[in-house]
Amino acid sequence: MKTPDEKLLSKGYEFAEVEQKWLENWQQSGCFAATMEEGRPAFSIVIPPPNVTGVLHVGHALNNTLQDILIRYHRMCGDNTLWVPGTDHAGIATQNVVERQLAEEGKTRDDLGREAFIEKVWEWRQEKGGRIINQLQKLGASCDWERERFTMDEGLSRAVREVFVRLYREGLIYKGDYIVNWCPRCHTALADDEVEHEEQQGKLYHIRYPYADGSGEVVVATTRPETTLGDTGVAVHPDDERYRHLAEIGLRLPLTERVIPVVFDQHVDREFGTGALKVTPSHDRNDYEIGLRHSLPRLKVIDDKGIMNQAAGSDYCGLDRFACRMKVVENLDRLGFLVRVEEHQHAVGHCYRCKTVSEPTTSLQWFVAVRPLADKAVAAVRDGRITIHPKSWNNTFYSWMDNIRDWCISRQIWWGHRIPAWTCADCGALIVESTDPVRCPTCASTSLTQETDVLDTWFSSALWPFSTMGWPQPTRELATFYPTAVLITSFDILFFWVARMMMMGLHFMDEVPFRDVYLHALVRDKHGKKMSKSTGNVIDPLAVMAEYGTDAMRFTLTPFAAQGREIKLDEERIEGYRHFINKLWNAARFALMHVAHCQPSVTEVVLKPQELPLVHRWILSRTATLIREVRLALDEYRFNDVASANYQFIWREFCDWYLEWIKADLFADNQQAQDQARGVLLTVLETVLKLMHPITPFVTEEIWSVLPGQRELLAISSFPVVTDSWSDDAAVEEMELLMGIITGIRNIRAEADVHPSQRIEALVLCADPQRATAIETFAAAISDMTRLSVLTVRGEGDRPSDAATYIYKDIEIFVPLKGLVDVAAELARIARERDKVEAKLKQVNGKLANERFLANARAEVIAGERAKKAELDARMAKLLEAEERIRRMA
RNA sequence: GGGCGGCUAGCUCAGCUGGGAGAGCAUCGGCCUUACAAGCCGAGGGUCACAGGUUCAAGCCCUGUGCCGCCCACCA
């Protein structure tokens, strides 16, 4: 049993211990485990699986904070909630990491051999692969950690094989010799979208290609002279007069003795360079296609390590492709083939993993025919089964899908899902099976060799939404949680991953994998620069969490969700929000001083709000509004609105006004007033903790745990629902009046430099009897909050001379200052006000004088303008009077 | 070459279907007022990039221009 004193939380919020404690408690309680109860709505998310090699960066922190907010919200709403965690085996990235490790021991993967190497990778994964999962847990991510998946798990591997085999049988997977993007460093084929194009300043070389009979020459332009060695033709436009006569003439390829033909192809741009294009079918995508159209032979001169091969000729064989370029240029120049060299800017493809310049190469690879799959995905977005947020991505999505090419899925690396295809050594049959075949179904031979290639990592992540739920088995998880509710990710993997999940989900589940896609921005440093280790501008979320607390970081990231493309993160901001967390902590501490000993039944006073004093009716009404706003914003993924609504309410309304106002009651000798204040205070605090919990789970859970009464975990308590009886517009309006009066008096005090401890008098003139009564009723409270000795309220009467004046709407506030009025300052202040009112009046009067406005505007708009005018007129009159009076004082 | 996003207070950004320009931070002035100086009270600060147009009414809708940034693309 806790003693009351222990319940009075420590003076500053010490997050380190608190966070550790709740991480353990939540874990032990099993409160994050998925529930699958009949008759409840389901809400599920699959985590974008971070690379198993990854360490948590700010992007992950943002991404997972947003997911956690939704998950915690829906869990508290009582939905069947599932958040599936896991990691991606990240083929190339992981293989690179382990290869580097081997390199330190002076070994290569070839030294080990395939099986031993893969063994090594699994060892590595065992030791270090769990890091990011621990880091996500530290973030407070409320995943069902018992369900952690890995794309190389047995279950997921089974799904991968199943999908591969089915697509193959449907004719949607095929093997063929086509041109692909090749990374000479990673030593593997890459998909089109794994190649990043980067504008670079290069050179355009103009080279003479003499006629075979020596009667003339054609000049071609190229950025890659080394590929000259692999040319098998020159192409010109069929309508190009300059080259018509070349149909029968062969060209002698410089530096070689080969004679190559001239072909005529529409693709050639007559305006570019000389209008003659050298064709290297084996090392350029366009040339490859031109070659196909004209049956040109393919000649591969660069090997898979980026080194020139035998076919390049003995002078060049063994040279790196870039060294070869220099040598080719040198020789061309020496032999008089080089006409000139121009500076030229062009886009060069790079491997997205290692940034090496990629090499287009013909190669035997496996492909997915994506057209039919892509069509299904496009249809799902078009007819609204999937909604992309923000919708500005729709067009980009469509245009990408329209231009999609077949997906090269084979990778020449070792770490990954090995392609389930075997070749029969005896009859040459290709066997594709989900289980390893023992003998050839055609000739019954047992000498079968499996493909050595593995699948593109994105192939397995494309299945993630259903493979993690046990597919191809018809599991209860699939029945309950598929399709998932929303996929939250940054826009940069919309095509790599999101689009492919759509294709696979629709094809194999016959249902979308998620109903919504929420795309958030990329996190940059405070200058908008990409964070990178070499620039040294990386903000490490773990360091931030250690310094400011996890809740502060989560709260900082939440408002950024709204931002379009990039987020400029400045650590100063995190510090600002730490202050907010601390504010909440202290407000709770204050509340506990008054409610720690209460029975939970004190909160029953809110059942009849109409019987409560104004300030309580006001805060309850504002709380109801807050609940409404927060729920709606959460339902619409407006995370920034969730954060700011909470922030404004807690700091400005609850702390600055409500807590200050009820101090009198809490300390007073009036049992009823005290009980009412305690009951409402506790209610509002409980509500706020619940509303904040999805964003800041730790501090709210901690405060919750020390509130009076036996409590279940906040994480599984119920999310607030709007109580209609709390809504009270009249109370809100009346409180606003009182707050306006208080602000006015405070303003006078501050402007007149009246010391805060000095008690002074004030007079309020309010012609409207109802409002005058309201002000008078709360004279004590107003005096309390503004340190008045006497507050007089009158409907009409003499304006005191020698007093500072403040006009609130049409209400005049006077503070007599006995000769201390700074006339010049007063006049300046009044004049400032008058200018503002004048400007607004001009607008309003302009509208009301406009017949077309009166004729066209909606009735309520006109009524609004009229009311506005009335108020401004009244205020203006009072301001003018005040100005006149002060002048006379001088 | 296409496409997309941004331009609102000194800074970072909100501003939903068009009807009196907002927040946080920063700035200035005053306060240790019994939860919080990581705080309280008060104040100042904006031709909403520019030019046209639609409308009774435009930060918001349309057209164009200018910067800044991103994505896609087979001019070698």
Any strand: nucleotide that pairs with B/rA57 via Watson-Crick or wobble, under 3.5 Å: none
A/R573 vs B/rU12: side-chain N/O to OP1/OP2 distance below 4.0 Å: no
For atom NZ of A/K836 and atom P of B/rA43, their distance in whole Å: 9 Å
A/R405 vs B/rC74: side-chain N/O to OP1/OP2 distance below 4.0 Å: yes
B/rA14 - base-pair partner by Watson-Crick or wobble geometry, distances under 3.5 Å: none
Sugar-phosphate, base or nothing in reach of A/T743, heavy atoms under 4.0 Å: sugar-phosphate
pair A/P281-A/T232: side-chain heavy atoms closer than 4.5 Å: yes
Sugar-phosphate only, base, or nothing, as touched by A/E660 at under 4.0 Å among non-hydrogen atoms: base
Sugar-phosphate, base or nothing in reach of A/N582, heavy atoms under 4.0 Å: base
From A/D265 atom CG to A/I290 atom CD1, the distance as rounded to the nearest 0.5 Å: 4.5 Å
Touch class at under 4.0 angstrom, heavy-atom based, for A/E751 against every strand present: sugar-phosphate
Cation-aromatic face contact A/K663/A/F590, 6.0 Å, 45 degrees: yes
Sugar-phosphate only, base, or nothing, as touched by A/G275 at under 4.0 Å among non-hydrogen atoms: base
Geometric class of the A/W651/A/F580 ring pair [parallel <30°, tilted 30-60°, perpendicular >60°]: parallel
Touch class at under 4.0 angstrom, heavy-atom based, for A/N403 against every strand present: nothing
Same-atom distance (C1') from B/rA23 to B/rG19, integer angstrom: 22 Å
Given A/E359, A/H283, A/K278, the one that forms side-chain hydrogen bond (donor to acceptor under 3.5 Å, both in side chains) with A/T227: A/K278
pair A/R554-A/Y577: side-chain heavy atoms closer than 4.5 Å: no
Sugar-phosphate, base or nothing in reach of A/R652, heavy atoms under 4.0 Å: sugar-phosphate
Per A/Q648 side chain, nearest of listed nucleotides B/rC41, B/rG24, B/rA35: B/rG24
Side-chain N,O (A/H579) to OP1/OP2 (B/rG39) below 4.0 Å: yes
Minimum-distance nucleotide to A/C655 side chain [options: B/rA73, B/rC75, B/rA35]: B/rA35
Listed nucleotide nearest any side-chain atom of A/M593, set B/rA14, B/rA76, B/rA35: B/rA35
Identity of whatever pairs with B/rC70 - Watson-Crick or G-U, under 3.5 angstrom: B/rG3
Nucleotide paired to B/rG44 in any strand shown, Watson-Crick or G-U, under 3.5 Å: none
Sugar-phosphate, base or nothing in reach of A/H267, heavy atoms under 4.0 Å: base
Nucleotide nearest A/R787 when distance is taken to its side chain, options B/rC74, B/rA35, B/rU33: B/rU33
Short side-chain N/O contact to B/rC36 OP1/OP2 from A/K583, under 4.0 Å: no
A/E342/A/K203 salt bridge by N-O under 4.0 Å criterion: no
Partner nucleotide, any strand, of B/rG39 [Watson-Crick/G-U, under 3.5 Å]: B/rC31
Sugar-phosphate only, base, or nothing, as touched by A/A857 at under 4.0 Å among non-hydrogen atoms: base
Phosphate-side-chain proximity, A/R638 and B/rA14, N/O vs OP1/OP2 below 4.0 Å: no
Interatomic distance at P, B/rC50 relative to B/rG59, whole Å: 11 Å
Base partner of B/rG20, which must satisfy Watson-Crick or wobble distances under 3.5 Å: none
Counterpart base for B/rU63, defined by Watson-Crick or G-U wobble contacts under 3.5 Å: B/rA51
Distance between P atoms of B/rG52 and B/rC75 (Å, rounded): 39 Å
Separation of the C1' atoms in B/rG66 and B/rC25, to the nearest angstrom: 30 Å
Sugar-phosphate only, base, or nothing, as touched by A/K278 at under 4.0 Å among non-hydrogen atoms: nothing
Residue closer to the 5' end of RNA chain B, A/Y806 versus A/V754 (nearest nucleotide): A/V754
RNA chain B: 5'-proximal contact among A/H197 and A/N640 (nearest heavy atom): A/N640
Touch class at under 4.0 angstrom, heavy-atom based, for A/T223 against every strand present: sugar-phosphate
Closest nucleotide among B/rG20, B/rC74, B/rG39 to the A/W651 side chain: B/rG39
Sugar-phosphate only, base, or nothing, as touched by A/R270 at under 4.0 Å among non-hydrogen atoms: nothing
Touch class at under 4.0 angstrom, heavy-atom based, for A/V268 against every strand present: base
Heavy-atom check, side chain of A/L592 versus side chain of A/V706, under 4.5 Å: yes
Nucleotide of B/rA14, B/rA76, B/rC25 approaching A/D641 most closely (side-chain heavy atoms): B/rA14
B/rG30 and B/rC67, which share atom name P, separated by this distance in whole Å: 47 Å
Distance, rounded to the nearest Å, where A/H389 contributes NE2 and B/rC4 contributes P: 20 Å
From B/rC31, B/rG19, B/rG20, nucleotide with atom closest to A/V861 side chain: B/rG19
Distance test, side-chain N/O of A/W400 to OP1/OP2 of B/rC4, below 4.0 Å: no
side-chain N/O A/K663 vs B/rA35 OP1/OP2, d < 4.0 Å: yes
Options B/rC56, B/rA76, B/rC31, nucleotide nearest the side-chain atoms of A/T222: B/rA76
Selection from B/rG5, B/rC41, B/rG20 that lies nearest to any side-chain heavy atom of A/L872: B/rG20
Heavy-atom check, side chain of A/T362 versus side chain of A/Y288, under 4.5 Å: yes
Rounded C1' spacing from B/rG46 to B/rC13 in Å: 14 Å
B/rG53 versus B/rA58 - spacing of their P atoms, nearest Å: 12 Å
Nearest-neighbour nucleotide for the A/K847 side chain, B/rG30, B/rG19, B/rC4 considered: B/rG19
Spacing of A/R628 atom CZ and A/T625 atom OG1 [to the nearest 0.5 Å]: 5.5 Å
Under 4.0 angstrom between A/N856 side-chain N/O and B/rC56 OP1 or OP2: yes
Touch class at under 4.0 angstrom, heavy-atom based, for A/R285 against every strand present: nothing
